Colleague: 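My questions will all concern the structure given below.
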Amino acid sequence: MSASDLRNWKAEWRQALLLALAYFGAALCAVTYARANGGVALLWFATPLLAVDLRYRPERSWTLRLAACAAASALATSLEGLGVGVALPFALINIAEGAAVAWLMRQFVPVPGHLTSLRELAILIGVAGGVVPAGTALPAGLLAHWATGLPVGNNAFNWYAAHALGTLTVVPMVELVIGGILSGWARSVERREACEAALLTGFLLVVTGFVFAQTRLPLMFVPLLPMMLMVFRLGRLGAATGLLVITIVGATCTARGLGPVAIPGTSTGTRLLLFQLYLTVATLMALPAATELKRRKLLFSEVQAQAALHKIITDRSGDIIMAVTADGIIGFASPSLAMIAGFGPDAVVGKLARDFIAPADVDVVVDAHRRAMQKPDETIMFEFRATKASGELAWFESHACAIADEDDQISGTVNVVRDISERKALEQGLERAAATDALTGLPNRRAFEVAERQLQEHPPSWRHYVAVFDLDHFKGVNDRFGHGVGDEVLCAFAEILKANTRSGDTVARLGGEEFAVLFANLKLQEARDACERVRTQFATTGVMTSDGRAVHATVSVGLAALDGDAGLSEALTAADTALYRSKDQGRNRLSLAA
């Protein structure tokens, strides 16, 4: 055995011995002072010591602890209980009860919550106050009957009541000790709180002692008042301490024939049963209240933490955080709204969000708001335009997700909104650049295709024409005068093209020395005349070079109709064919597509 194993083994033995001593003391007190008419003990506090200890220990160490407590139980039963003959069977029932409580609590609540939830408390009451003692009551009643001859039913009932109530009364305090809650409280408690706990405990001790030390005044429920005060001030610690004080003082006095339950003419067993009923009421008052208070304290701490985090985020965020109700009313806006949009939060809260949105984008925002509420597990992203305080229309991007009210019903959305005006301007600039010829400033083929889609929205009766222009012998211009002069010629032609077309027409440079015009809603003769004006004006216009020479050039044209059944591609092909016919016929002329 290694040194580490030896140390662990010694520690296990020490812990098991201490547990057995505590178990023996609790069991001996019970069988000595809490038995009536020679039957089973009417108060039993040994089981919770074993059950809670096993609850916090690995199962591999259970055997040693169970064996030690079995020996302690058998010894107590042999000395002051029902005798040596039933000592071992009673010991087996007792340790089986403690092990069953610990095992079942592990199954239902794998991670101990130290009674911080009503669910855990309900499971404890069901297991330790119901199922387990009910399962051991009949075997214990039969053993007691065999040892004493007393009725099985009476002993079984007394066993059940004593073990169920004793477990429920002592478990909270034992959990606080073994779970480290009590030591943690002692280390972190302030002096004022420690004094308050001591004063409240002393006050309860005095009140309980006064009530249970006399028999004249029926003040049975008076100790419950300071006990509940301890619950509200100290939480679970107050509940456990208060129940322990009432149990020790009340049980001692009741066993001696004192206290409000010591009705003249009643037996000790009856008095102890009445005291058990009293403890049941006190336990069911204190434990649920303490558990609920702890749960609410945890929730309150969580809410405070979330509120602090929310305030930091909303105050320091560079985005606008906005809550919108289901019917579109702004319920909250972060201070960053003033920096981004020029509005203070007070200027928008309580108003309809659509009042600030560009009319053309209202439907987009309403649809996104509706989709976010219909899909609470998703975040909906959308873009829209809204008016700033200055009256400027700006672009915004919003990420919206649903929020719920206290009844878990979707009540609106929370939106993180960002100003994307600069990004939109950049995108639009890039789009314009992508659709614009850098040399002439004319749209390129891409913009030409966009114009075709727009023409599809016009009435079917409208007629459209496509003209293709190609500069004649342009390569010779570049070769003779240089590409710089060639660029000047292209720009000059572009200006002539724009000057002889309408604002609704689309003028584009297709590439190289080739240009095109899309005439919208124009008669054939009108399109033809426009092309002729361009051709003749360009032929008579010269471009002056830097050394004073004039450069003249001509252009050939092909013209085709953009039919409803045919698209832009077919029309360009037809116009291009007509253009080459003009080239073949001597250039500087216009040809119509067949």
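Given the structure is predicted, the values throughout are model-derived calculations rather than measurements.
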Colleague: Is the distance between the ring centroids of Phe356 and Phe343 under 6.0 Å?
Modeller: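 Centroid distance Phe356-Phe343: below 6.0 Å, so yes.
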
Colleague: So for atom CD, which belongs to Glu422, do other residues, nucleotides or ligands contribute more than 12 heavy atoms lying within a distance under 6.0 Å?
Modeller: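 12 or below, so no.
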
Colleague: For Phe382 and Ala400, which heavy atoms make the closest approach, and how far apart are they?
Modeller: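 Shortest heavy-atom contact: CE2-CB, 4.0 Å.
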
Colleague: Looking at every heavy atom in both Leu559 and Ala578, which two are closest together, and how far apart are they?
Modeller: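 Taking Leu559 first and Ala578 second, the nearest heavy atoms are N-CB, 4.1 Å.
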
Colleague: Asn444 and Arg509: side-chain hydrogen bond (donor to acceptor under 3.5 Å, both in side chains), yes or no, with the steps?
Modeller: CA-CA 5 Å; Asn444 57 23; Arg509 182 187 178 192; over 6 Å; no

Colleague: Does the side-chain contact (heavy atoms from CB on, under 4.5 Å) test come out yes or no for Asn500 and Ile496, once each step is laid out?
Modeller: CA-CA 6 Å; Asn500 288 278; Ile496 292 172; 3.7 Å; yes

Colleague: Take Val324 and Asn415 through the side-chain contact (heavy atoms from CB on, under 4.5 Å) test and state the conclusion after the steps.
Modeller: CA-CA 8 Å; Val324 182; Asn415 301 260; 3.7 Å; yes

Colleague: Closest heavy-atom contact between Asn521 and His464?
Modeller: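 So the two residues come closest at N-ND1, 3.1 Å.
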
Colleague: Side chains of Asp319 and Val417: closer than 4.5 Å at any heavy-atom pair?
Modeller: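 They are not in contact (no side-chain heavy atoms under 4.5 Å apart), so the answer is no.
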
Colleague: Hey, what do you get for CZ (Phe108) to CD (Glu120), rounding to the nearest 0.5 Å?
Modeller: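 The distance works out to 13.0 Å.
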
Colleague: Are Phe396 and Ile340 side-chain neighbours, meaning at least one heavy-atom pair lies under 4.5 Å?
Modeller: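 Counting from C-beta outward, Phe396 and Ile340 do come under 4.5 Å.
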
Colleague: Going by heavy atoms in the side chains, are Cys401 and Val414 under 4.5 Å from each other?
Modeller: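 Result yes, sub-4.5 Å side-chain heavy-atom pair found.
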
Colleague: Hey, is CZ on Arg528 packed in by over 12 heavy atoms from elsewhere, all under 6.0 Å?
Modeller: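 No, the 6.0 Å shell around CZ holds no more than 12 heavy atoms from other groups.
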
Colleague: Atom CZ in Arg535, atom OG in Ser582: separation rounded to 0.5 Å?
Modeller: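 Going from the CZ atom of Arg535 to the OG atom of Ser582 covers 9.0 Å.
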
Colleague: Taking atom types as modelled, find out whether Asp470 and Ser556 have a side-chain donor-acceptor pair closer than 3.5 angstrom.
Modeller: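 Their side chains do not contain a donor-acceptor pair, so the 3.5 Å distance test is not met.
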
Colleague: State whether Glu193 and Arg233 are salt-bridged, where the test is any N-O pair (Lys NZ or Arg NE/NH1/NH2 against Asp/Glu carboxylate O) under 4.0 Å.
Modeller: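 So Glu193 does not pair with Arg233 through a salt bridge.
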
Colleague: First locate atom OG1 of Thr554, then atom CG of Leu471, and finally report the distance between them rounded to the nearest 0.5 Å.
Modeller: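 It is 7.5 Å, given to the nearest 0.5 Å.
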
Colleague: Got Val507 and Phe515 here, is their nearest side-chain heavy-atom distance under 4.5 Å?
Modeller: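 Result no, sub-4.5 Å side-chain heavy-atom pair not found.
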
Colleague: To check you understand the geometry: which heavy-atom pair defines the closest contact between Arg55 and Pro110, and what is its length?
Modeller: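 So the two residues come closest at NH1-O, 4.1 Å.
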
Colleague: What distance do Lys583 atom NZ and Ser591 atom OG have between them, rounded to the nearest 0.5 Å?
Modeller: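 If we round to the nearest 0.5 Å, Lys583:NZ and Ser591:OG are 11.0 Å apart.
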
Colleague: Got Cys531 and Tyr465 here, is their nearest side-chain heavy-atom distance under 4.5 Å?
Modeller: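 Result no, sub-4.5 Å side-chain heavy-atom pair not found.
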
Colleague: As an exercise, state the distance from CG of Asp419 to CD1 of Ile320, rounded to the nearest 0.5 Å.
Modeller: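 Atom-to-atom, Asp419:CG and Ile320:CD1 are 7.5 Å apart.
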
Colleague: Tell me, do Val477 and Glu513 make a side-chain contact under 4.5 Å, heavy atoms counted?
Modeller: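 Not touching, per the 4.5 Å side-chain cut-off.
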
Colleague: What pair of heavy atoms forms the shortest contact from Lys351 to Ala347, and how long is it?
Modeller: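 Shortest heavy-atom contact: NZ-O, 3.2 Å.
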
Colleague: Evaluate the side-chain proximity of Thr201 to Met230: yes if any heavy-atom separation is below 4.5 Å, no if none is.
Modeller: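 When only atoms from C-beta onward are counted, Thr201 and Met230 do touch, with a gap below 4.5 Å.
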
Colleague: Do the side chain of Arg502 and the main chain of Ala520 share a donor and acceptor less than 3.5 angstrom apart?
Modeller: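 Such a contact is found between Arg502 side chain and Ala520 backbone.
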
Colleague: Is the backbone of Ala438 close enough, under 3.5 Å, to the side chain of Thr436 for a donor and an acceptor to pair up by distance?
Modeller: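 Judged by distance alone, no pair lies under 3.5 Å.
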
Colleague: Heavy-atom count around Arg480 CZ within 6.0 Å, excluding the residue itself: above 12?
Modeller: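 Counting other residues, nucleotides and ligands, CZ of Arg480 stays at 12 neighbours or fewer.
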
Colleague: Counting heavy atoms not belonging to Arg354, are there more than 12 under 6.0 Å from its CZ?
Modeller: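 Count not over threshold, so no.
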
Colleague: Without swapping roles, check the side chain of Arg581 against the backbone of Leu592 for a donor-acceptor pair under 3.5 Å.
Modeller: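 Looks like yes, one N/O pair under 3.5 Å.
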
Colleague: Could you check whether any side-chain N or O of Asp437 sits under 3.5 Å from a backbone N or O of Thr440, counting only pairs where one atom can act as donor and the other as acceptor?
Modeller: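 Flag set: sc Asp437 to bb Thr440 pair under 3.5 Å.
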
Colleague: Check this for me: does any side-chain nitrogen of one of Glu526 and Lys523 sit under 4.0 Å from a carboxylate oxygen of the other?
Modeller: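 Looking at Glu526 and Lys523, the cut-off is not met.
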
Colleague: Determine whether a donor-acceptor pair (N or O, by modelled atom type, separation under 3.5 Å) exists between the side chain of Thr540 and the backbone of Gln537.
Modeller: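 Yes; at least one donor-acceptor contact below 3.5 Å.
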
Colleague: Given side chains that start at C-beta, do those of Leu124 and Leu168 come closer than 4.5 Å, heavy atoms only?
Modeller: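 Yes - at least one pair of side-chain heavy atoms lies under 4.5 Å apart.
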
Colleague: Would you sort out whether Glu383 and Arg423 count as a salt bridge (charged side-chain N to carboxylate O under 4.0 Å, His left out), showing the intermediate values?
Modeller: CA-CA 12 Å; Glu383 297 177 354; Arg423 191 189 81 191; 2.5 Å; yes

Colleague: Looking at every non-hydrogen atom in both residues, tell me the closest pair between Ala561 and Ala571 and how far apart they are.
Modeller: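 Closest heavy-atom pair between Ala561 and Ala571: O-CB, 3.8 Å.
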
Colleague: Could you tell me the separation between the CZ atom of Phe493 and the NZ atom of Lys498, rounded to the nearest 0.5 Å?
Modeller: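 Output value for this atom pair is 12.5 Å.
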
Colleague: Just checking, is any N or O donor in the side chain of Thr573 or Asp576 under 3.5 Å from an acceptor N or O on the other one?
Modeller: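 No, because no side-chain N or O of Thr573 sits under 3.5 Å from a partner of the opposite role on Asp576.
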
Colleague: Evaluate Glu488 against Val543 for side-chain contact (heavy atoms from CB on, under 4.5 Å), listing each step before the verdict.
Modeller: CA-CA 7 Å; Glu488 293 182 37; Val543 176; 3.9 Å; yes

Colleague: Only pairs under 3.5 Å count here: list side-chain donor-acceptor contacts from residues 368-378, not counting sequence neighbours, and write none if there are none.
Modeller:
unit_1, atom_1, unit_2, atom_2, d
His369, ND1, Thr413, OG1, 3.1
His369, NE2, Thr325, O, 3.0
Arg371, NE, Asp367, OD2, 3.0

Colleague: side-chain contact (heavy atoms from CB on, under 4.5 Å) between Phe384 and Trp395: does it pass, once the steps are laid out?
Modeller: CA-CA 6 Å; Phe384 62 97; Trp395 275 98; 5.6 Å; no

